[in-house]
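See structure below.
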Amino acid sequence: MKDLSKAYESNIEKEIYRKWEETGLFNPDNMDKYLKENGYSVKKPFTITLPPPNANGNLHLGHMCGYSFHDAIGRYMRMTGHPTLLLPGKDHAGIQTETAFTKKLESEGTSKWDLGREEFYKQCYEFCITNASNAREQEKNIGLSADYSREFFTLDPRLTKIVYETFYKMYEDGLAYRDKRIINQCPYCKTALADIDTEHEERRGIFAYIRYPFVDEDGYITVATTRPETMLGDTAVAVNPNDERYKEYIGKKLMLPIANREIPIIADEEVDMEKGTGAVKVTPAHSPVDFDLGQKHELEVINVIDEEGKMTGEIPERFIGLETVECSKKLCAELDELGLLEKIENIKHEVAVCERCRTAIEPIISNQWYVDVSGLAQRSLEELKKDNVSVIPEGQQRALEHFYENIQPWCISRQLWWGQRIPVWYKGGKKKYDEDGGEIYLGENAPDDSGEWEAETDMFDTWFSSGQWPFSTLGGPDGEDFKKYYPTQMMIHARDILFWWSSRMIMMGLYRTNEVPFSKIFLTGMILAPDGSKMSKSKGNGVEPQYIFDKYGADALRLWYYSDALPGSNAPLREEKIKGNRNFVNKIWNASRFIIMNIDESEISSITDHSVDENLDRIKQTKEHISNVSKYLDKFQFNLGAEAIREFFWHTLCDVWIEEIKNEIQDKDIGSDIRIERLSELLYILKENLKIMHPFIPFITEAVWQELVKLELAKGTLMEQQIII
RNA sequence: GGGCGAUUAGCUCAGCUGGCUAGAGCAAUUCGUUUACACCGAAUAGGUCAUAGGUUCAAGUCCUAUAUCGCCCACCA
């Protein structure tokens with residue numbers, strides 16, 4: 001009776017999404033009302049704050065994957081009676097966006113310096129807003145049932161206010177402080193980085209053996225170093241006190257070549273006798289290990305490298321301004337001439353690099369803002385141990401515990417133009433404050449307009465604000481939404497940001513709200529390129545989500561994620577697999593089409609009035625199936641759920657039941673009572689299947705539901721139907 | 001250097017607290033259907049579950065080594 005196209009056309013997805021939006025039910029307040037009005041039992045609200053994608057580019061398949069899981073859980077929760085809030089947002093992503101936007105400017109022939117700080121900020125803001133709205137459309141493409149009336153950008157003044165409150169409180173509690181210590185400086189991004197913002201990479205390097213002559217006697221000690229240029233900042237040579245080779249020299253003085261400074265020979269157990277020559281040069285200003293050693297032995301700290309990775313300070317004139325690599329070469333040449341260069345070995349070694357631009361990190365001494373997170377890490381650890389928050393898969397939980405156990409002070413200031421300015425004012429200037437101390441004021445605006453106050457120009461580490469995401473988006477600890485929807489239930493993201501993000505959210509959540517912000521962290525698998533390597537722009541092996549949407553539709557992509565992107569595993573993109581899921585989606589369409597086509601218009605009222613006998617075998621099996629899938633969803637076993645719905649719909653309903661019933665109802669001699677009975681049964685089974693499949697594949701199931709609505713065989717939208725288990 | 005995970009059909013992987021005569025999808029082979037669907041159906045073939053020990057009535061599933069691969073953490077000169 002009804003003419004439906006032979007194949008499901010996924011281009012109707014946009015229209016379906018619009019239909020959902022019109023119901024207003026992505027807003028949990030409305031959902032709550034809806035449930036009450038329809039006599040459904042209203043269960044506890046269910047909240048997930050969605051990871052805000054960086055507003056500096058398009059979303060990739062990894063984002064889509066995460067949102068597929070968010071959405072499946074969200075829809076399932078709604079359909080089981082929970083007013084559900086999926087709270088979306090977009091992240092300003094400090095350093096990442098600044099790098100991306102700076103590159104964009106460069107490609108347009110201009111630069112951030114040309115624009116100036118204020119104009120840069122303004123244009124970057126616009127850049128982000130444009131990206132954010134693109135991202136929002138992409139989120140809708142995957143079917144994300146988020147409440148966009150509550151969407152936030154991380155630089156929203158309402159959020160900034162809460163972020164600032166946290167900072168003020170931390171300052172008052174003595175947790176936030178300014179300190180001078182060795183930091184990771186990225187010479188390209190020209191900012192300090194936290195340890196976690198660095199990665200380690202194997203690079204080619206040299207290992208130079210340099211002779212440091214004794215001051216008071218003939219002879220020398222040979223030290224080995226990968227960074228000869230730092231010798232200009234050496235303030236000691238350290239040996240192991242048990243090292244027979246050097247024992248007698250401890251306390252004596254060496255003449256540092258080129259710099260011509262006297263430095264002592266000190267003893268420390270830390271020194272490895274096996275490494276190099278067993279004697280190690282100590283440069284407190286430019287090596288984290290040496291910095292600690294320097295503090296321990298109260299050594300002088302001599303800065304010889306500046307923020308841009310160039311030679312500086314009290315060193316021979318000819319080296320000033322050189323890049324470290326050039327300086328190293330020049331020094332080696334000079335040492336060789338002096339007969340002080342024993343040899344140079346070419347080696348490969350692990351080097352710390354900037355997570356963003358892969359530039360080798362320059363450890364330098366600098367004044368920065370820190371947060372002492374030791375206490376909060378301890379609390380977080382306890383919550384993990386008490387199981388108030390847990391990580392799926394479990395293996396990663398131990399990694400998180402390890403992170404908390406070994407946590408260091410968190411450097412939260414970044415020398416960027418993009419982000420949230422640290423709300424601090426220094427009386428008489430920042431430089432003066434760092435050198436001699438003095439008065440400091442915390443607030444967005446200067447305490448008075450005397451002109452004595454210099455504004456801090458550093459920005460917060462972006463994770464300082466995103467670490468507060470679960471409560472800042474709910475209006476902070478005093479917000480209306482906070483009371484209703486906090487703590488949230490889950491956090492879902494890829495495992496690469498576990499330490500950056502979830503670890504901080506737990507700590508800051510505990511700090512501001514005394515509660516863990518969520519009780520479960522679900523780590524999705526990583527989507528890899530077809531060849532199993534990481535997808536990256538530079539390699540050009542990425543696959544655009546839009547390509548998949550256009551070719552196979554969102555549902556096919558989603559179903560593939562549920563099956564393959566399991567927690568803790570990697571999922572190489574296999575187009576054949578997505579295609580297989582597209583075929584399944586089409587199968588649903590056609591089975592539904594078959595049922596619809598076989599219902600005569602005159603039979604509709606009889607069918608809808610007909611009650612289905614619960615004792616029928618097929619009905620019993622259907623109910624059992626639904627309960628199984630629910631159990632999988634309750635345990636977040638998406639792969640098993642996806643497999644179950646595919647298996648049941650395709651190989652039981654289509655291949656067996658429809659075939660059985662087909663023969664019966666297409667028999668001209670069958671009585672109309674039997675026809676009605678069979679068709680009612682089929683329709684019931686179809687509808688129940690659509691419901692349980694809806695969290696996984698919302699578009700096709702809704703598309704079919706709407707066809708049923710047109711025939712008055714169903715009402716409303718599928719997303720507001722209840723799964724009764 | 002430490003931690004975690006993987007190793008199951010040609011390929012990509014499921015297999016939860018031990019009961020499997022080891023599964024799925026894709027690929028392959030053979031048939032079928034063309035008024036729900038070729039984005040279809042029926043069937044076939046294909047694995048001593050990395051290796052070696054151990055626990056058990058019973059091990060892909062637990063334990064211990066070994067090997068290969070991957071990821072994460074780490075301040076080493």
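When reading the values below, keep in mind they use all heavy atoms of this one structure, side chains included, and skip hydrogens, waters and symmetry mates.
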(request) Mind running salt bridge (charged side-chain N to carboxylate O under 4.0 Å, His left out) on A:E244 and A:K247 for me, showing each step along the way? (result) CA-CA 5 Å; A:E244 295 300 334; A:K247 237 177 178 168; 3.7 Å; yes
Side chain of [X]: nearest nucleotide among [options]?
X	options	result
A:N590	B:A77, B:A36, B:G15	B:A36
A:N583	B:C39, B:A36, B:G5	B:C39
A:E643	B:C37, B:A14, B:A77	B:A14
A:A7	B:A36, B:A77, B:C39	B:C39
A:D564	B:U12, B:C75, B:C39	B:U12
A:P572	B:G15, B:A36, B:C13	B:C13
A:Q637	B:C16, B:U12, B:A36	B:C16
A:H402	B:C73, B:C39, B:A36	B:C73
A:N586	B:A77, B:A14, B:C37	B:C37

Measuring to OP1 and OP2 of [N], would you say a side-chain N or O of [X] lies under 4.0 angstrom away?
X	N	value
A:K587	B:G41	yes
A:N406	B:C73	no
A:K662	B:A36	yes

Roughly how far apart, to the nearest Å, are [N] and [M] at atom [atom1]?
N	M	atom1	answer
B:G5	B:U61	P	16 Å
B:A50	B:U56	P	23 Å
B:U29	B:G46	P	16 Å
B:U8	B:C62	P	16 Å
B:A9	B:G60	C1'	14 Å
B:G41	B:A24	P	14 Å
B:U12	B:U7	C1'	14 Å
B:C57	B:U51	P	25 Å

(request) Quick one: pull up CG in A:N583 and CG in A:N590 and give me the separation to the nearest 0.5 Å. (result) 11.0 Å
(request) Could you tell me whether the side chain of A:D555 and the main chain of A:F699 form a donor-acceptor pair under 3.5 Å? (result) yes
(message) Please check: side-chain N/O of A:D179 versus main-chain N/O of A:R181, any donor-acceptor pairing under 3.5 Å?
(response) no
Pair assignment for [N], Watson-Crick or G-U wobble, requiring both distances under 3.5 Å:
N	result
B:C40	B:G32
B:A52	B:U64
B:G47	none
B:C26	B:G10
B:A58	none
B:U21	none
B:G1	B:C73

For [X], report the nucleic acid contact type (base, sugar-phosphate, nothing); a contact means any heavy atom under 4.0 Å.
X	result
A:K6	sugar-phosphate
A:V271	base
A:A399	nothing
A:R582	base
A:P363	nothing
A:R495	sugar-phosphate
A:F499	sugar-phosphate
A:D655	sugar-phosphate
A:E659	base
A:L498	nothing

(message) For A:Y547 and A:F549, I'd like to know if the aromatic rings sit close, meaning centre-to-centre distance below 6.0 Å.
(response) no
(message) Could you check whether A:F499 and A:F403 have their ring centres less than 6.0 Å apart?
(response) yes
Could you check how far [atom1] of [X] sits from [atom2] of [N], rounded to whole Å?
X	N	atom1	atom2	value
A:W589	B:A36	CH2	C1'	12 Å
A:N184	B:C73	CG	P	13 Å
A:L254	B:A77	CG	P	21 Å
A:I361	B:A74	CD1	P	13 Å
A:I658	B:C40	CD1	P	15 Å
A:H651	B:C40	NE2	C1'	12 Å
A:M526	B:C71	CE	C1'	9 Å
A:Q397	B:G5	CD	P	12 Å

Under-4.0 Å salt bridge between [X] and [Y]:
X	Y	result
A:R582	A:E575	no
A:K329	A:E229	no
A:E345	A:K343	yes

(message) If you assign each of A:C654 and A:D195 to its closest nucleotide in RNA chain B, which residue comes earlier from the 5' end?
(response) A:C654
(request) Assign each of A:G278 and A:Y8 to its nearest nucleotide of RNA chain B by heavy atoms, then name whichever residue's nucleotide is nearer the 5' end. (result) A:Y8
(message) Taking the side chain as everything from C-beta on, heavy atoms only, tell me whether A:I578 gets closer than 4.5 Å to A:L573.
(response) yes
